[in-house]
Amino acid sequence: MLRWIIFIIIFGIIDLYAYQAFKTVSKNQWLNVLYWVVTILVIGNFVMHYYGFNRRDGFSHAHAYAFGFFVAILIPKMVLLLVMLSEDIFRIPLAIYRFFTEGDSAKGNYFASRRQFISQIALGIAALPLASILYGIYKGKYNYKVLKYTLHFEDLPEAFDGYKITQISDIHSGSFDNDDKVKYGVDLINRQNSDVILFTGDIVNNKADELQPYTTIFNKLQAKDGLFSVLGNHDYGDYVTWDSEEAKTKNLDYLKKLQREIGFDLLLNESRYIERDGQRIALIGVENWGAGGFKKAGDLNKAAQHIDVNDFKILMSHDPTHWQKQVIKDPKHYHLTLSGHTHGMQFGIEIPGWFKWSPVKWRYKYWAGIYEEAGQYINVNRGFGYLAFPGRVGIWPEITVIELKKGVVEV
C-alpha cells in the first residue's frame, strides 16, 4: 500500500506542473475537465490492474494496455514538468529580484505573457511523444521491417557463398492481438526466400498456452534447409507462479512440443550440420545464458562438443551478453552469433545507416543490429513481437536477412 501512496504523490506532483501548462494555454473549462477525466481514468485503470497483481495469472492484454496508456500520458507530462520546472528555476529568483528593485508594477504582465509562451512551447514538445506513443500502440507494433545485411568471410565454404539466413526473435505470442497482422509478418518472412530460418528465443511471454493459437500461423514458415530455434529467458516460465515444479516442467515440455509442431528443430545445447555440395557449416544452439540475474542454462562447451574448431560456425544464443562475456573469447571462434532479447527497448530513434539510439544502450553494449569484435560478428535482432508495453516507438519489429559471402569486402 505504501508504494502505491508514494506513486500517487509523485504522479500528483508531475500533474500539478503539467496542468499549469495546460490551463495556461486552454481557456476552455470543458477541456480542463476533460484533462482530469482522462488522467483519472488512465491512472485508475492502471492501479486497478496492477494493485495486488497475481503472478499466478500472469500478464494479460488488459495489463498491457493499462501500462501502455499510462506511459502515453506519463511521458508527455514529464516533458511538461521539465520545461515548466526549468522556467521556475529561472523565473522565481528573477521575480524576487524585480520585486525588491522595481516593485509590483513591473512584473505582472511580463510574467503572465512569458508563462503563456513557455506553456505553448511545452505543450508543443509534449505532443510529439504523445502522438508517437499512441501511434506505436495503434500501428507501430506490427510495422515489420526487413533489415538486410551482407557479411564476408574468407573461410566460408564455397558452396555457401550467397547463402541466405532469415533470423527472427522474441515472438512473444502471448502479446499478440491481431491475427491478420501476424499472418502478414509470417508471409513477409517467407517472401525473403532464405535458405534457412533461425529463431532466437522467447516464443511466449510465460506459458506454452500462449503459442497454441498461433501454431497454425507459424507452421506456414518455410525454408529450404529448415527451421531451427533456441529458448529465451521467457520460455522457461520463470516469471509466473506455478502450482508445482511438475506443472512448470510440464509447461516447458508442452512448449517444446508446440515448437516441433510448427516445424522448428529446437536446439537445447546442441549442434547440427547443414550440408551442401559435400561441404558444411555448423549450426550451434544454446539454451538461455544471460547476465544480471537472467537464467544461465546455456552450455557452450556442451553445445559445440561435436563441432570441429575449423568448421564455419553460426551460434544461436538468445541474450547478447553471452556473446560479450563468453563467446568472443572462446577458442573455437564463432563466426556469426545471432541474438535478440533486448527488443531495442521497443523505444528509440533510428535513421537507418546514420543514427540509432535507445535507452536500452545503457543496459546492453550490443543492443540492436550488427556488431564486430575480434573477427566475429553478432546480430542483435530487435524482435518480431512485443512485451509489456503494447507497442513500438521508433524501434520497429524486425525480420533480419543475412547473406553470407566468401571473401573480403571490396573497398
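Because the structure is a prediction, the values reported are computed rather than measured. One is the number of the first residue; the rest follow in order along the sequence.
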Should we say atom NZ of K23 is surrounded by more than 12 heavy atoms from elsewhere, each under 6.0 Å from it?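 Atom NZ in K23 is not packed in, count stays at 12 or less.
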Name the orientation class of the two ring planes belonging to W4 and Y51 (parallel below 30°, tilted from 30 to 60°, perpendicular beyond 60°).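 Ring orientation of W4 relative to Y51: perpendicular.
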All pairs passing salt bridge (Lys or Arg N to Asp or Glu O under 4.0 Å) where residues 312-322 contributes a residue, at least two apart: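 Residue pairs passing salt bridge (Lys or Arg N to Asp or Glu O under 4.0 Å), neighbours aside: none found.
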Tell me every residue that passes ring-ring contact (aromatic ring centres under 6.0 Å, His included) with H306, counting only those two or more places apart in sequence or in another chain.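 Per chain and number, H306 pairs via ring-ring contact (aromatic ring centres under 6.0 Å, His included) with no residue.
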Of all residues at least two apart in sequence or in a different chain, which pass the ring-ring contact (aromatic ring centres under 6.0 Å, His included) check with H234?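 Once residues adjacent in sequence are excluded, the partners of H234 under the ring-ring contact (aromatic ring centres under 6.0 Å, His included) criterion are H172, Y239.
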Hey, which of F199, Y142, F176 is the one that makes side chain to side chain contact (heavy atoms under 4.5 Å, CB included) with F384?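 Of F199, Y142, F176, side chain to side chain contact (heavy atoms under 4.5 Å, CB included) with F384 is met by F176 alone.
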Hey, are [Y] and [X] close enough side-chain-wise for a donor-acceptor pair under 3.5 Å?
X: Y236; Y: E287; value: yes
X: D15; Y: Y35; value: yes
X: T337; Y: Q376; value: no

Looking at W367, is K356 sitting on its ring face, NZ or CZ under 6.0 Å from the six-membered ring centre and within 45 degrees of the normal?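 Yes, K356 lies over the aromatic ring of W367.
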Less than 6.0 angstrom from the centroid, inside 45 degrees of the normal: does R392 satisfy that with respect to the ring of Y386?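 Output no; distance or angle outside limits.
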With the side chain counted from C-beta on, respond yes when S317 and W323 share a heavy-atom pair under 4.5 Å apart, and no when they do not.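 A side-chain contact under 4.5 Å is absent here.
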If we only count heavy atoms from C-beta on, is the L404 to I314 side-chain gap below 4.5 Å?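 Yes, at least one pair of side-chain atoms sits under 4.5 Å.
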salt_bridge(K332, D311) N-O dist < 4.0 Å: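 Not counted as a salt bridge, because no side-chain N and carboxylate O are separated by less than 4.0 Å.
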H341 and H318: CA distance, side-chain angles, deciding distance, side chain to side chain donor-acceptor pair (under 3.5 Å) verdict: CA-CA 6 Å; H341 182 62; H318 177 70; 3.2 Å; yes
